[in-house]
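This report concerns only the one structure given below.
In what follows, residues are counted from 1 in the order of the sequence shown.
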Amino acid sequence: MRDVLLTIKGLYMRGDTHDDIEFATQAQLFCEDGVYTIVYDGPEAAIPDESKTVIRVEDHTVSVLRDAEGSIPFMFEDKTPYKTNYRAGDSFYDMLLFPTKVHTKLAEDHGKIELEYTISVDGSQAINKIDMHYAPLE
């Protein structure tokens, strides 16, 4: 395990709406048999009992899972649709995630993950971009 500084920049686009997010946080990086796992608390970590986010990269597949009850994983494999049910409160919605870019370049000291995808939830569609970079804590 290695402590790293993880920087995440995200862009959400739906129609004329564009929302940006950017934050940096301390994360733990694990590498075993070519599988990289990054574990971090999100920007909402100041809220008691919030969960961790786990990013796992194996071969050309990236999975993202919040370690919380009822959370569903997001799976990113280039040009491969991923269908699941999305939970919002007490309701469930059909969700289709279609990655248009999945790029990873990972090493023990520095790395990046770039994701671009469309997401459709209950007939509503958005385009998301996420860029993640990690480097050793200084």
With a 4.5 Å limit on heavy-atom distance, are the side chains of [X] and [Y] in contact?
| X | Y | value |
| --- | --- | --- |
| His110 | Pro136 | yes |
| Ile55 | Val62 | yes |
| Lys112 | His103 | yes |
| Gln28 | Asp3 | yes |

So, taking the atom named [atom1] in [X] and the one named [atom2] in [Y], what distance separates them when rounded to the nearest 0.5 Å?
| X | Y | atom1 | atom2 | value |
| --- | --- | --- | --- | --- |
| Ser124 | Met95 | OG | CE | 13.0 Å |
| Gln26 | Leu5 | CD | CG | 8.5 Å |
| Leu29 | Tyr40 | CG | OH | 14.0 Å |
| Tyr12 | His18 | OH | NE2 | 10.5 Å |
| Phe98 | Ile119 | CZ | CD1 | 13.5 Å |
| Glu32 | Thr37 | CD | OG1 | 8.5 Å |

Applying the 4.5 Å side-chain criterion to the ILVMFWY set and letting contacts propagate, would [X] and [Y] be lumped into a single cluster?
| X | Y | result |
| --- | --- | --- |
| Val102 | Ile130 | yes |
| Met1 | Val39 | yes |
| Val54 | Val35 | no |
| Phe30 | Met132 | no |
| Phe74 | Ile127 | no |

Heavy-atom closest pair, residues [X] and [Y]:
| X | Y | result |
| --- | --- | --- |
| Leu96 | Pro81 | CD1-CB, 3.8 Å |
| Ala27 | Leu6 | CB-CB, 4.0 Å |
| Tyr82 | Met75 | CE1-CG, 3.4 Å |
| Phe76 | Pro99 | CA-CG, 3.9 Å |
| Thr17 | Asp19 | CG2-OD2, 3.9 Å |
| Thr7 | Ala24 | OG1-CB, 4.0 Å |

Salt bridge check, Lys101 against Glu114: does any charged N sit closer than 4.0 Å to a carboxylate O? yes
Electrostatic pair Lys52-Asp41, nearest N-O below 4.0 angstrom: yes
I'd like to know if the side chain of Tyr117 pairs up with that of Asn128 as donor and acceptor (distance under 3.5 Å, no hydrogens or angles considered). yes
Taking everything shown except Lys105 itself, do over 12 heavy atoms lie less than 6.0 Å from its NZ? no
Neighbour count >12 (heavy atoms, 6.0 Å) for atom NE2, His60: no
Does the [X] side chain pair with the main chain of [Y], one donor and one acceptor, at a distance under 3.5 Å?
| X | Y | answer |
| --- | --- | --- |
| Arg2 | Glu108 | yes |
| Thr100 | Glu116 | yes |
| Thr80 | Asp78 | yes |

Yes or no on side chain to side chain contact (heavy atoms under 4.5 Å, CB included) for Asn85 and Asp94, after CA distance, side-chain angles and deciding distance? CA-CA 5 Å; Asn85 288 317; Asp94 289 334; 3.1 Å; yes
Can you tell which of Thr104, Val64, Ile8 makes a side chain to side chain contact (heavy atoms under 4.5 Å, CB included) with Ile113? Thr104
Test side chain to side chain contact (heavy atoms under 4.5 Å, CB included) on Val4 and Leu137; report intermediate values, then the result. CA-CA 5 Å; Val4 295; Leu137 282 174; 5.7 Å; no
